[in-house]
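Written below as structure tokens is the structure these notes are about.
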Amino acid sequence: MDHPSNQTNCVVCGSLLVKNGMTAAGTQRWRCRDCGASSVRRRPDVTRREQLRRFLTWLVGKASQAELGGGTGRSFRHDTAWCWTLQPCMPVTGEVHDAVLVDGVWIGSWCLLIAQSATGTVIAWQWAARESTAAWEALFAQIPPPLVVVTDGGSGIRSALARTWPDTKVQRCIFHLQLNVTRELTRKPRLHAGKALRQIALALTDVHSVDDAITWRLTLEAWWQKYGHLTRERSMYDNGQFGYTHHRLRKAWAVLHRTVQAGHTFTNLEHGNPRATSRLEGLNSQIRHLLRHHRGMPIEHRRRAVEWYLLLHEIPIDQAHKHAHQPAPKRIESPADEPIRPALYDTALSAEEGLWHRTGWAGRT
């Protein structure tokens with residue numbers, strides 16, 4: 001959207017034009033000193049920047065289309081329809097962050113993976129069909145490896161970290177750990193072992209020092225010494241097959257045990273990074289609110305609206321046109337050249353199909 005220089009030539013004689021007042025509509029008038037021809041210069045780049053500004057103001061604000069269009073909503077949609085084709089791009093700074101928070105949010109049938117710094121800066125995003133290893137690798141490839149990554153432990157992220165950021169420390173979000181344990185044990189476990197394990201998971205919130213972490217781990221080990229045998233008990237199910245008697249208790253224990261064994265629970269005590277993805281969850285909540293405000297949009301428009309929202313989270317709206325580009329149209333490959341020969345099947349008429357020569361009673365004269 002680069003604008004031309006502020007000089008123009010006369011269309012009659014080719015001489016340079018000079019400013020000559022304003023029209024009744026407030027548009028700059030130009031006049032040729034040689035031939036006296038007067039004209040008004042059009043600036044489609046300025047017009048488009050203003051249309052984009054009004055489009056984004058409506059998209060992330062609360063004003064209606066009629067209020068921003070200066071007329072009706074239909075005229076606003078007509079003027080800004082081209083804005084949906086622009087693709088916003090997050091500026092690449094190359095900055096290395098100490099801690100990066102990553103999480104995914106579902107937009108219709110698409111999963112949006114977002115990376116955010118510890119200070120709340122949106123770094124990158126990646127669309128995917130689901131949280132897979134390939135999707136996480138595509139997101140991590142856009143960012144220099146940080147010192148620590150804070151994650152909720154979604155599917156595919158561990159293998160993606162091992163491939164792309166092998167030297168980056170991992171901090172599991174403690175609130176998601178507590179949520180995973182509660183999902184298995186419920187809020188009111190029936191067994192004493194389940195009640196004790198859930199209290200241990202909730203106690204993660206009160207761990208703020210190395211001594212607290214040591215005490216917490218000793219408490220978890222004491223639970224295993226007392227109730228660990230329950231996780232190994234097996235019984236016959238109603239379908240006639242053997243399985244673990246307390247399989248949900250076993251799953252809840254495995255969630256905490258695997259995280260502790262991997263050293264992903266108390267990384268924040270060593271590096272001072274956030275221990276939860278709460279800031280990023282707040283951003284996801286704002287995205288959901290934006291889509292509720294514009295409910296009814298097709299999925300492609302919802303995706304574009306979220307991309308613009310993330311970009312405007314980092315840059316002013318007047319600079320948005322510098323960080324958007326028009327995607328190249330998809331190239332339709334022409335079929336390979338074939339030798340010229342009679343068509344075996346076509347829409348043309350031929351005498352062999354019996355369309356002119358009639359037989360029987362229809363052909364009698």
Side-chain angles (χ1 to χ4, degrees), residues 51-69 73-74 76-77 79-81 83-91 97 99-131 135-136 139 142-143 150-155 157 173-176 178-180 182-183 274-321 323-324:
Q51 290 174 349
L52 179 61
R53 188 194 65 80
R54 290 189 288 114
F55 171 78
L56 297 179
T57 302
W58 163 77
L59 194 62
V60 300
K62 297 182 179 180
S64 65
Q65 294 180 349
E67 293 172 350
L68 293 173
R74 177 175 294 181
F76 175 87
R77 291 189 293 273
D79 294 339
T80 61
C83 297
W84 290 111
T85 62
L86 288 180
Q87 184 173 355
C89 299
M90 183 64 66
H97 300 271
V100 172
L101 287 66
V102 296
D103 194 14
V105 57
W106 283 93
I107 309 296
S109 59
W110 287 88
C111 182
L112 177 62
L113 308 180
I114 305 176
Q116 187 183 44
S117 68
T119 58
T121 303
V122 177
I123 306 174
W125 67 75
Q126 177 67 42
W127 290 100
R130 59 185 179 87
E131 293 187 20
W136 285 114
L139 176 68
Q142 306 176 41
I143 313 168
V150 185
T151 173
D152 61 355
S155 59
I157 192 170
C173 175
I174 63 169
F175 296 124
H176 281 88
Q178 296 168 344
L179 183 64
N180 294 339
T182 301
R183 183 174 58 238
R275 58 176 181 170
T277 58
S278 302
R279 183 185 292 272
L280 188 50
E281 291 291 344
L283 180 64
N284 293 343
S285 177
Q286 297 172 13
I287 291 175
R288 296 186 184 97
H289 177 73
L290 171 72
L291 296 179
R292 283 195 300 268
H293 185 67
H294 295 291
R295 56 186 179 273
M297 292 192 301
I299 184 61
E300 291 301 325
H301 286 188
R302 277 183 281 171
R303 290 180 53 181
R304 191 68 76 223
V306 172
E307 292 173 354
W308 277 118
Y309 180 80
L310 294 177
L311 180 62
L312 295 178
H313 193 270
E314 303 305 325
I315 65 171
I317 195 171
D318 294 333
Q319 302 295 325
H321 64 280
H323 302 280

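The basis for the numbers below is simple: all heavy atoms, side chains too, and nothing from hydrogens, waters or symmetry mates.
- Ring pair W58/F55 is tilted by interplanar angle, where 30° to 60° counts as tilted.
- Between R130 and C111, the closest side-chain pair of non-hydrogen atoms is not below 4.5 Å.
- Using a distance-only test at 3.5 Å, with no hydrogens or angles considered, no donor-acceptor pair links the side chain of H323 to the main chain of P91.
- Within the 4.5 Å cutoff, side-chain heavy atoms of L283 are placed close to those of Y309.
- Every side-chain hydrogen bond (donor to acceptor under 3.5 Å, both in side chains) that Q319 has, sequence neighbours left out, goes to K322.
- Between the NZ atom in K62 and the NE2 atom in H293 there is a gap of 8.0 Å [rounded to 0.5 Å].
- Between E300 and W84, the side chains place no donor N or O within less than 3.5 Å of an acceptor N or O (distance only, hydrogens not considered).
- Between L68 and F76 the shortest heavy-atom distance is CB-CE1, 4.1 Å.
- Between F175 and A276, the shortest heavy-atom contact is CD1-CB, 3.3 Å.
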Margin query: As a quick check of understanding, evaluate side-chain contact (heavy atoms from CB on, under 4.5 Å) for V105 and R288, giving each step before the final call.
Written below: CA-CA 9 Å; V105 57; R288 296 186 184 97; 3.6 Å; yes

Note to self: For a side-chain contact (heavy atoms from CB on, under 4.5 Å) check, start with the C-alpha distance between Q87 and R304, then their side-chain angles and the critical distance, and finish with the verdict.
What the structure shows: CA-CA 7 Å; Q87 184 173 355; R304 191 68 76 223; 3.9 Å; yes

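- With values rounded to the nearest 0.5 angstrom, S117 atom OG is found 10.5 Å from L280 atom CG.
- Considering every non-hydrogen atom in both A115 and V100, the closest pair reads CB-CG1, 4.0 Å.
- Between W308 and V60, the closest side-chain pair of non-hydrogen atoms is not below 4.5 Å.
- Here the straight-line distance linking atom CD1 of I315 with atom CG of L310 works out to 11.5 Å at 0.5 Å rounding.
- Once rounded to the nearest 0.5 Å, the distance linking CG of L52 with CG of D318 reads 10.0 Å.
- Looking at every heavy atom in both residues, L59 comes nearest to L290 through O-CD1, 3.1 Å.
- The side-chain heavy atoms of C89 and E307, taken from C-beta on, include no pair separated by under 4.5 Å.
- For the pair H176 and T277, the minimum side-chain heavy-atom distance is below 4.5 Å.
- Taking NE2 from H313 and CD1 from I114, the interatomic distance works out to 10.0 Å, rounded to the nearest 0.5 Å.
- In terms of modelled atom types and a separation under 3.5 Å, the side chain of Q126 and the main chain of A135 share no donor-acceptor contact.
- Without hydrogens or angle criteria, R53 side chain to I317 main chain gives no donor-acceptor distance under 3.5 Å.
- Not one N or O on the side chain of T80 forms a donor-acceptor pair closer than 3.5 Å with the backbone of Q51.
- In terms of heavy atoms, G120 sits closest to R279 at CA-CD, 3.4 Å.
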Note to self: Using side-chain contact (heavy atoms from CB on, under 4.5 Å), reason through D152 and N180 one step at a time and then give a plain yes or no.
What the structure shows: CA-CA 10 Å; D152 61 355; N180 294 339; over 6 Å; no

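- Interatomic distance, SG of C83 versus CG of L56, reported as 7.0 Å (0.5 Å rounding).
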Item checked: Steps toward side-chain contact (heavy atoms from CB on, under 4.5 Å) verdict (L311, M90) -> CA-CA 6 Å; L311 180 62; M90 183 64 66; 4.3 Å; yes

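- Here the shortest heavy-atom pairing between E281 and D103 reads OE2-OD2, 2.5 Å.
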